[in-house]
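Structure first, then comments.
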Amino acid sequence: MELSISNLNALSPDTLSPRQREILAVLLVAVNDWPSELIDLGRYAGEIEELVGGSANENNIRLFLRQCNYSLYAWQAESLSQLLDVFPFYGPNASLPDIIHDIQAI
């Protein structure tokens, strides 16, 4: 089952740990900056993997941001720049699907 954006928005902050609140806040800002409407985080991860040409991990995202044409990919770059803030919670080898899997338990 995919993690719905509307379900994330509906979570009560009182039920989340400070770490969970920070991670979800980063993800929601990043998703909001994405240029197309997204229904779930799985689709977001898939679109990022397609854009960066591989795994949606910190290294690939940083590489894309160094090489991208910002006049063509401004919104994607803004979203990815925001998303980078979630990787310190998980370490350098984590991918966005790994992170999504982890937060599905929330």
Side-chain angles (χ1 to χ4, degrees):
M1 185 166 99
E2 297 298 333
L3 201 52
S4 154
I5 304 301
S6 61
N7 287 346
L8 290 178
N9 280 317
L11 286 173
S12 170
D14 299 335
T15 64
L16 303 172
S17 71
R19 178 183 181 269
Q20 290 171 328
R21 281 194 298 270
E22 283 187 65
I23 291 167
L24 289 178
V26 168
L27 287 172
L28 289 172
V29 168
V31 166
N32 187 54
D33 286 338
W34 197 252
S36 60
E37 185 175 343
L38 297 165
I39 296 171
D40 60 63
L41 288 178
R43 180 163 176 188
Y44 180 56
E47 289 190 20
I48 291 172
E49 288 175 343
E50 185 177 323
L51 182 68
V52 302
S55 177
N57 61 39
E58 183 177 7
N59 290 333
N60 286 344
I61 291 170
R62 288 190 186 281
L63 180 62
F64 174 81
L65 289 172
R66 280 194 302 270
Q67 298 174 348
C68 86
N69 180 339
Y70 285 87
S71 63
L72 296 176
Y73 298 105
W75 285 109
Q76 291 93 333
E78 178 64 25
S79 177
L80 294 175
S81 294
Q82 294 289 334
L83 182 61
L84 286 173
D85 291 341
V86 83
F87 286 97
F89 291 100
Y90 291 93
N93 296 322
S95 69
L96 184 54
D98 296 335
I99 293 166
I100 292 168
H101 179 74
D102 181 58
I103 64 172
Q104 282 182 328
I106 296 175

Within this structure, what is the [atom1]-[atom2] distance for the pair [X] and [Y], rounded to the nearest 0.5 Å?
X	Y	atom1	atom2	result
D14	R21	CG	CZ	7.5 Å
L8	I103	CG	CD1	5.5 Å
C68	I61	SG	CD1	12.0 Å
I99	D102	CD1	CG	8.0 Å
I23	S17	CD1	OG	7.0 Å
R43	S4	CZ	OG	13.0 Å

Report the C-alpha distance between L38 and E47 in whole Å, list the side-chain angles of each, state the deciding distance to 0.1 Å, and finish with yes or no for side-chain contact (heavy atoms from CB on, under 4.5 Å). CA-CA 10 Å; L38 297 165; E47 289 190 20; 3.6 Å; yes

Using the side-chain contact (heavy atoms from CB on, under 4.5 Å) rule, take L96 and I100 through it: C-alpha gap first, then chi angles, then the decisive distance, then the call. CA-CA 6 Å; L96 184 54; I100 292 168; 3.9 Å; yes

Does D98 reach the main-chain N or O of S95 with its side chain, forming a donor-acceptor pair under 3.5 Å? yes

Say whether, by atom type as modelled, one donor and one acceptor occur between the side chain of S79 and the main chain of A30 under 3.5 angstrom. yes

Inter- and intrachain pairs under ring pair (Phe, Tyr, Trp, His ring centres under 6.0 Å), touching residues 66-97, at least two apart: F64-Y73

Taking every non-hydrogen atom, the tightest pair across [X] and [Y]:
X	Y	value
S81	L65	OG-CD1, 3.8 Å
D33	E78	OD2-CG, 3.4 Å
Q76	L51	CB-CD2, 3.7 Å

Shared hydrophobic cluster, L63 / L83 (ILVMFWY, side-chain heavy atoms < 4.5 Å): no

Derivation and outcome, side-chain contact (heavy atoms from CB on, under 4.5 Å), residues V26 and L84: CA-CA 9 Å; V26 168; L84 286 173; over 6 Å; no

In this structure, are over 12 heavy atoms from other groups packed under 6.0 Å from I39 atom CD1? no

Neighbour count >12 (heavy atoms, 6.0 Å) for atom CD, Q67: yes

Between V29 and D85, is the side-chain contact (heavy atoms from CB on, under 4.5 Å) condition met? List the steps. CA-CA 11 Å; V29 168; D85 291 341; over 6 Å; no

